[in-house]
Amino acid sequence: MCSIIGYLGANQAAPILVRGLKRMEYRGYDSVGVATFSENQISVRKGVGKVAEVNSAAQLDALSGTVGIGHTRWATHGVVTESNAHPHPSSSGELAIVHNGIIDNYADLKKDLQQKGYVFKSETDSEAIANLLQYNFDQTKEIKKSMVSTVDQLKGNYAFVAVFEDGTLAAARLHEPLIIGVGKGGYFISSDVLGFIEHTDEVIYQDNREFVIINSTGIQIFDFEGNPVQHQITKVSKELADAYKGDYAHFTLKEISEQPITILKAGDNTKLELDLITEFVKHAKNLYITGSGTSYNAALVAKHLFSKYAKIKIEPLISSEVQYSPNYFDHQSILIAVSQSGESADVLEAVDIAKKDGAKIVSIVNIMTSSLVQRSSISVGLNCGPEIGVAATKSFTSQLAILYKIADKLCGGCMGLDFNKVSESIYKILSDHSKIQSIAKKLKDISDIYVLGRGIHFPVALEASLKLKEITYIHAEGLPGGELKHGPLALMDSNVYVIIINPNDSTYTDTLASAHEIKARGAKILGISDRPNEVYDYWIEIPTISEALFPLIEIIPIQLLAYYSAIEKDTDPDYPRNLAKSVTVK
Ligand code: M6R
């Protein structure tokens, strides 16, 4: 997703902006740009590509001035070109803006502003903000009044920051994140704390429908009607500053490797919250769980846990689909929202629909300062530290760990959870990568891979296939074993690889039968199991653990396999093409 950064202070802005953008690279982007104010004028440099590439080609960080804005763009309106990259100056060049989100009425605004003589140079919706703000400034000659009129006329979801020709920064937010950093040497404003965490851990969380004006005399925050608003400065966790790869080649590998620890930290110090959630869930008439992507796959695992162990029915909902089937929720409903970022637009929309209909919201989330937490009655933190790789890895197992804890509380401790054993088992799997690396070499040139599991292992198969397609670009599909003969068997031949998730539990014999059916059609079988069998062309051993806990460990070798296959294919596992870490647009 687009990332925004702004700075006003005592130091040169451009190097600070470029470093901030680099730290937010994990959010995903296709182009980058910076604008600074110096000697009564605004200068813009931008280009297509990674921050480091564009910086070395266009010398973004050499722009002079102690005030500036920067942006990485993830294209929504208009193709990936330099002219569509941000910052966008207004047609007179007296101000420039960076924007994250979507302006729904940009076409009308553009037409109207063009008729008034304002020139547009890009295909983006964002440029409408620059010219609208310029128009309002031309009318009022006042930054505050021009901001009030602009936010009144914009429709959509947005966070934007503008730099004006007198060196003032102004920024507004509506349903997109924007956080102010208060440092000794100046002010920062960014989509993500990571954008400025190396300079300050003191922040102001600007609320929705608020704008801020920052200049050399200080900072003022207003609501969209222009009334002043007061906010406390809060401190954020310094842990966020850990977002460095260390000795690892990629964040993805680092994050996979952290799981023996993160599994133990999930939901740490949240006994009270977990007890409360258990009470809510017990008394709910209708119980739902929602998420997108990996978080939805975690929700599917929860369905099995709740029904098998707690004898409670919970309905998983794909967040982006909730809007098409309203009327799920009422005052006796509980919606558990699962999200790493807490900022996925689809998840927030599902939550808003549920809240409007009276449901109580419980969230399981990694970023405890996120919009999702603000919308929830209770939140439990994953505590797994920043996850930078676009592919969710450690956040998945942490989400599962919390859902396991809730299920276990609901059944009075019937699951006999032993997270130390899980942690040891993950260590064991991670202790030798060589076999997985050599299998990854074989996957390099294949075009289709299937992942098969039954019962609680089917959602893990879905998650495994998501990992494979996301970072290796191999077509991958998760299948419930029993469905094979209802269609997918037609696809099995000697060009196909099938991963069989087959721990030695109650699904073992049936899944083994599926493996034989596949083998008979010539496909290659890769078994993930604690029990060897001659049907497997390749066997990846996982430790034996109690039946309920297998999902927490069986995903690990497949995460590693996806990672090493990406390396073999020379794709970047941390930043897969076309994807963003935090999908804040619908
Ligand atoms: O931050 P969230 O958990 O709400 O994100 C949801 C999905 O966008 C995310 O899980 C996505 O599918 C991952 N890239 C999968 O690896």
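Because the structure is predicted, anything quoted here is derived from the model rather than measured. Counting starts at 1 for both ligands and their atoms, in listed order.
- Side-chain contact annotation: S3 with S191, donor-acceptor N/O pair under 3.5 Å absent.
- Within ligand 1, counting atoms from 1 as listed, the ones closer than 4.0 Å to a heavy atom of S341 are 1 (O), 2 (P), 4 (O).
- Looking at S370, G291, S292, it is S292 that brings a heavy atom closest to atom 6 (C) of ligand 1.
- Residues M415 and Y404 have side chains in contact (heavy-atom distance under 4.5 Å, counting atoms from C-beta outward).
- Among protein heavy atoms, the minimum distance from atom 5 (O) of ligand 1 is reached at S344 OG, 3.3 Å.
- For atom 12 (O) of ligand 1, the nearest protein heavy atom (residue, atom name, distance) is G293 CA, 3.3 Å.
- Numbered from 1 in the order shown, with element, the atoms of ligand 1 that lie under 4.0 Å from a heavy atom of K467 read 15 (C), 16 (O).
- Between the side chains of S257 and K394, no donor-acceptor pair of N or O atoms lies under 3.5 Å.
- The number of heavy atoms from other shown groups lying within 6.0 Å of CZ (R375) is above 12.
- Taking every non-hydrogen atom of A392 and a distance limit under 4.0 Å, the qualifying atoms of ligand 1 come out as 15 (C), 16 (O).
- With 3.5 Å as the limit, one finds no donor-acceptor pair spanning the side chains of S295 and Q340.
- Those atoms of ligand 1 that come under 4.0 Å of a heavy atom in A391, given as number and element, are 16 (O).
- Looking only at heavy atoms of the protein, atom 13 (C) of ligand 1 is closest to E470 OE2, 3.4 Å.
- Enclosure of atom NZ in K360 is not indicated, since only 12 or fewer non-hydrogen atoms of other residues, nucleotides or ligands lie within 6.0 angstrom.
- Residue contact annotation: E343 has no non-hydrogen atom under 4.0 Å from ligand 1.
- Side-chain atoms of P576 and Y473, non-hydrogen and from C-beta on, do get closer than 4.5 Å to each other.
- Geometrically, K569 does not engage Y564 in a cation-pi contact, judged by NZ or CZ lying under 6.0 Å from the ring centre and within 45° of the ring axis.
- Here the shortest heavy-atom distance to atom 10 (O) of ligand 1, taken over L466, T294, V390, belongs to T294.
- Of the protein's non-hydrogen atoms, V583 CG2, 4.0 Å is the one closest to atom 8 (O) of ligand 1.
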